[in-house]
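The model shown is predicted, which means the values in this text are computed figures rather than measured ones. A, B, ... follow the sequence lines: proteins, then strands. Residue 1 opens every chain. Worth knowing before you read on, the calculation uses all heavy atoms, side chains too, and leaves out hydrogens, waters and symmetry mates.
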There are 2 protein chains.
Amino acid sequence: MALEDRLRYTTENCSIARSLDILGEKWTLLILREAFYGLRRFDEFARILGCGRAVLTGRLHTLVDEAILERAPYQQPGSRSRFEYRLTDKGHEIFPVLMALLEWGDRWTADPAGPAVDITHRGCGQPVSLTMTCAADHGPLTVRDIEAKPGPGARPTA
Amino acid sequence: MALEDRLRYTTENCSIARSLDILGEKWTLLILREAFYGLRRFDEFARILGCGRAVLTGRLHTLVDEAILERAPYQQPGSRSRFEYRLTDKGHEIFPVLMALLEWGDRWTADPAGPAVDITHRGCGQPVSLTMTCAADHGPLTVRDIEAKPGPGARPTA
DNA sequence: CAGTATCCGGTGCGATACTG
DNA sequence: CAGTATCGCACCGGATACTG
């Protein structure tokens, strides 16, 4: 999209902005990172993340309201019923966001010791990476191969 | 990674957290979105985004400090020299983060009118999407196909 | 264990105004 | 055009305490 084109449209109806409204607050994506790593319970999140419990309460509520996590009772044999937070399908699909942050961080802000986590294909064990491809199966593409064009929902400036 | 494994490691040396330290403040990714769409100048960012100019100043400085944007003088014929902000290579590689947010937002928070922007393969014109694949070329993978394992830089808890 | 409630100091952000 | 300065408030995170 050329500059003059961009200036013809507003920033309303932006999926990136809407995603960030939900996911962009501090701690939210870190909570989800731990959810992907397998954490489920309030105290586990609080302990591992080291964030304030009040903040955690708020973020978990938001995530449940947005149907990214679901709060479900569970029962450990021999103890009383508790609640846990599990990723929904909507939540699971956030993973590429974390993956993109992980890859960029690994590449540009790496720790000399190497990555703290390896993402592998379960089964074959090979490392996984994020790639951009087009519907005609060209790829992997870089940002220089792609073009952003106004779509059907673009709002022209008044 | 199973829960018990996760609890054996700290959250230090996390590339996701480091990326978010740089990119996670409000407005930062929206500034970069506009940079990808072609904006270059202070007042363009301020006008399109509608964020406070002080905030914009701060974010641009951070992004320049991090070598995500570079501030370069440029000269329009007939007017005096000005500065513009351009994405560096490090900056260009942030695009998958925005792409992931865009795809998730398109899928889960869509506007009834449709997406405001279409990302296409320049040249062939087909829509572009983000996919996860492994080094053995299995894919596209979903999050359920992948496994997160402690890497060489993982820090065991004391 | 799984939260909620409260207080408190710091900071991020929005709004506004000013400058070269 | 490209910022800087200032102000006020909301929110954020830390600490602590309380509840079922």
Side-chain angles (χ1 to χ4, degrees), chain A residues 3-4 6-7 11-12 17 20-35 38-65 69-86, chain B residues 3-4 6-7 11-12 14 17 20-35 38-66 69-86:
Chain A
L3 172 59
E4 320 78 65
R6 175 57 184 143
L7 298 175
T11 54
E12 297 168 60
L20 287 173
D21 279 343
I22 299 171
L23 305 175
E25 288 178 297
K26 209 181 304 192
W27 296 111
T28 301
L29 284 169
L30 298 176
I31 291 168
L32 291 172
R33 176 192 70 191
E34 296 305 325
L39 298 200
R40 300 254 165 118
R41 283 150 51 182
F42 188 92
D43 275 27
E44 291 167 358
F45 287 112
R47 186 172 134 219
I48 294 277
L49 291 173
C51 70
R53 302 172 75 80
V55 175
L56 182 58
T57 298
R59 294 297 183 274
L60 289 174
H61 276 134
T62 303
L63 290 168
V64 169
D65 286 349
L69 296 178
E70 57 188 3
R71 185 172 188 265
Y74 78 102
Q75 183 103 38
Q76 282 212 340
S79 50
R80 69 187 155 103
S81 170
R82 309 233 177 260
F83 286 98
E84 64 177 8
Y85 296 89
R86 283 190 308 223
Chain B
L3 174 58
E4 321 78 64
R6 175 56 184 143
L7 297 175
T11 54
E12 298 169 59
C14 173
L20 287 173
D21 279 343
I22 299 172
L23 305 174
E25 289 175 298
K26 208 182 306 193
W27 295 111
T28 300
L29 285 168
L30 297 176
I31 291 168
L32 291 171
R33 175 192 71 191
E34 296 305 324
L39 298 200
R40 299 254 165 116
R41 286 158 41 190
F42 188 93
D43 274 29
E44 290 168 358
F45 287 111
R47 186 173 133 217
I48 293 279
L49 291 172
C51 69
R53 303 173 75 81
V55 175
L56 182 57
T57 298
R59 294 298 182 274
L60 289 173
H61 277 134
T62 303
L63 290 169
V64 169
D65 286 348
E66 294 290 341
L69 296 178
E70 58 189 3
R71 185 174 187 264
Y74 78 102
Q75 184 103 36
Q76 279 212 342
S79 49
R80 69 187 154 102
S81 169
R82 309 234 178 260
F83 287 98
E84 63 176 11
Y85 296 88
R86 283 190 308 221

message: On DNA chain C, compare the nucleotides closest to A/D43 and B/G50; which residue's is nearer the 5' end?
response: A/D43
- prompt: Of A/K26 and A/A54, whose nearest nucleotide on DNA chain C comes first from the 5' end?
  reply: A/A54
Could you tell me the separation between the [atom1] atom of [X] and the [atom2] atom of [N], rounded to a whole number of Å?
X: B/F83; N: C/dG20; atom1: CZ; atom2: C1'; value: 13 Å
X: A/L30; N: D/dG13; atom1: CG; atom2: P; value: 10 Å
X: B/E25; N: D/dC12; atom1: CD; atom2: P; value: 14 Å
X: B/L49; N: D/dG3; atom1: CG; atom2: P; value: 15 Å
X: B/F42; N: C/dT19; atom1: CZ; atom2: P; value: 17 Å
X: B/R47; N: D/dG3; atom1: CZ; atom2: C1'; value: 17 Å
X: A/I48; N: C/dA2; atom1: CD1; atom2: C1'; value: 17 Å
X: B/Y85; N: D/dA2; atom1: OH; atom2: C1'; value: 8 Å

task: Measure the spacing between CD of B/E44 and CG of B/L56 and express it to the nearest 0.5 Å.
output: 11.0 Å
query: How many angstroms lie between CD1 in A/I48 and CZ in B/R6, if you round to the nearest 0.5 Å?
result: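 It is 5.0 Å, given to the nearest 0.5 Å.
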- request: Name all residues meeting the side chain to side chain donor-acceptor pair (under 3.5 Å) criterion together with B/R40; count only those two or more places apart in sequence or in a different chain, and write none if there are none.
  value: none
- prompt: NA contact type, B/F45, heavy-atom cut-off 4.0 Å: base, sugar-phosphate, or nothing?
  reply: nothing
query: Base, sugar-phosphate, or nothing: which does A/R59 touch, judged by heavy atoms less than 4.0 Å apart?
result: sugar-phosphate
query: Any Lys/Arg nitrogen of B/E84 or B/R82 sitting under 4.0 Å from an Asp/Glu carboxylate oxygen of the other?
result: no
side-chain N/O [X] vs [N] OP1/OP2, d < 4.0 Å:
X: A/T57; N: C/dG3; answer: no
X: A/H61; N: C/dG3; answer: no
X: B/Y74; N: D/dC1; answer: no
X: B/W27; N: C/dG12; answer: no

- prompt: Hey, is the main chain of A/K26 close enough, under 3.5 Å, to the side chain of A/R59 for a donor-acceptor pair?
  reply: yes
message: Between B/T28 and B/G24 (side chain of the first, backbone of the second, donor and acceptor by atom type, cut-off under 3.5 Å), is there such a pair?
response: no
message: Requiring both pairing distances under 3.5 angstrom, list the stems that contain DNA chain D and are made of three or more consecutive Watson-Crick or G-U pairs.
response: C:1-20 with D:1-20
field: Contact summary for A/I31 and A/F45, nearest pair of heavy atoms
entry: O-CE2, 3.5 Å
query: Going by modelled atom types, is there a donor-acceptor pair between the base of D/dA2 and the side chain of B/R53 at under 3.5 Å?
result: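 Side chain to base: pair present.
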statement: From the candidates C/dG14, C/dT4, D/dA2, the one with an atom nearest any side-chain atom of B/R41 is D/dA2
field: Nearest listed nucleotide, side chain of A/R71, among C/dG3, D/dG3, C/dG14
entry: C/dG3
- prompt: Side chains of A/E25 and A/L20: closer than 4.5 Å at any heavy-atom pair?
  reply: no
